[in-house]
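Data first, discussion second: the structure below is written as structure tokens.
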Amino acid sequence: MAMTMNGEVQLAAPREAVWAKLNDPEVLKACIPGCEELEKTDEGGFRAVAKMKVGPVSARFKGKVTLSDLDPPNGYKISGEGEGGVAGFAKGGATVALADKDGGTLLSYDVEAQIGGKLAQLGQRLINGTAKKLADEFFASFAKAVEGT
């Protein structure tokens, strides 16, 4: 099952500060819902473990995340894949762009993902709703981290 999602978030911080936080594993680990481990790898990406619950299905996903098309401090492409055992798999990517706006930074994102296994059987509406909720949680936490509140 494939899904797409996009949006933007206005952050009250300069673009360079937002860029630094987007590349800081400690900040990302604290902001990603369910994230248990996030370590930088030698290949310029991250190794991650996150525990997720989607409807009746709970799973611990283990995977890797790669950053590419790096254009500091304007944006990058982030792609990853994770295995959740019997729950299935998830893989996808996002383009993240930063722009100066209203004395702060506008972060825009465009996500494409695919899921399979038990998760894919839950239905598009539940999957999309959960993905939106997770994105909203991430960006609310990220805004607090960036703005120092």
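The list of salt bridge (Lys or Arg N to Asp or Glu O under 4.0 Å) pairs with a residue in residues 64-79, not counting sequence neighbours, is empty. Applying the ring pair (Phe, Tyr, Trp, His ring centres under 6.0 Å) test to residues at least two apart or on different chains, the pairs with a partner in residues 30-77 are W19-Y76. Screening residues 127-137 for salt bridge (Lys or Arg N to Asp or Glu O under 4.0 Å) gives K132-D136, K133-E137 as the qualifying pairs, with residues at least two apart or on separate chains. Sorted by first then second residue, the ring pair (Phe, Tyr, Trp, His ring centres under 6.0 Å) pairs that include residues 108-146, not counting sequence neighbours, are Y109-F139, F138-F142. Listed by first then second residue, pairs satisfying ring pair (Phe, Tyr, Trp, His ring centres under 6.0 Å) with a partner in residues 23-42 number zero, not counting sequence neighbours.
Among all heavy-atom pairs drawn from M3 and A131, the shortest one is CE-CB, 3.2 Å. In plain terms, the two heavy atoms of P73 and E16 that are nearest each other are CG-OE2, 3.8 Å.
By the side-chain contact (heavy atoms from CB on, under 4.5 Å) test, A120 is found to be paired with M1, I115, residues two or more places apart in sequence or in another chain being considered. The side-chain contact (heavy atoms from CB on, under 4.5 Å) check on Q10 picks up K101, D102, L106, with sequence neighbours excluded. Take A50 and apply the side-chain contact (heavy atoms from CB on, under 4.5 Å) test, not counting sequence neighbours, and it matches M52.
By the criterion of side-chain heavy atoms lying less than 4.5 angstrom apart, applied directly or through intervening Ile, Leu, Val, Met, Phe, Trp or Tyr residues, V65 is not grouped with V49; the two fall into different hydrophobic clusters.
The distance from atom CG of L22 to atom CG of L107, rounded to the nearest 0.5 Å, is 6.0 Å.
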Going by atom type alone, with no hydrogens or angles, which donor-acceptor pairs under 3.5 Å involve a side-chain atom of residues 28-37 and a protein atom two or more places apart or on another chain?
{"unit_1": "K29", "atom_1": "NZ", "unit_2": "E36", "atom_2": "O", "d": "3.4"}
{"unit_1": "E36", "atom_1": "OE1", "unit_2": "R60", "atom_2": "NE", "d": "2.8"}
{"unit_1": "E36", "atom_1": "OE1", "unit_2": "R60", "atom_2": "NH2", "d": "3.1"}
{"unit_1": "E36", "atom_1": "OE2", "unit_2": "R60", "atom_2": "NH2", "d": "2.9"}
{"unit_1": "E37", "atom_1": "OE1", "unit_2": "R47", "atom_2": "NH1", "d": "3.3"}
{"unit_1": "E37", "atom_1": "OE1", "unit_2": "R47", "atom_2": "NH2", "d": "3.2"}

Please set out all donor-acceptor pairs under 3.5 angstrom arising from side-chain atoms of residues 79-100, sequence neighbours excluded.
{"unit_1": "D100", "atom_1": "OD1", "unit_2": "R15", "atom_2": "NE", "d": "3.2"}
{"unit_1": "D100", "atom_1": "OD2", "unit_2": "R15", "atom_2": "NH2", "d": "3.0"}

Can you give me every donor-acceptor pair (side chain of residues 122-129, partner residue at least two apart or in another chain, under 3.5 Å) with its distance?
{"unit_1": "Q124", "atom_1": "NE2", "unit_2": "A2", "atom_2": "O", "d": "3.3"}

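Here the side chain of K21 pairs no donor or acceptor atom with the backbone of N23 at under 3.5 angstrom. Put simply, the side chain of T105 gets close to the backbone of A13: a donor and an acceptor are under 3.5 Å apart.
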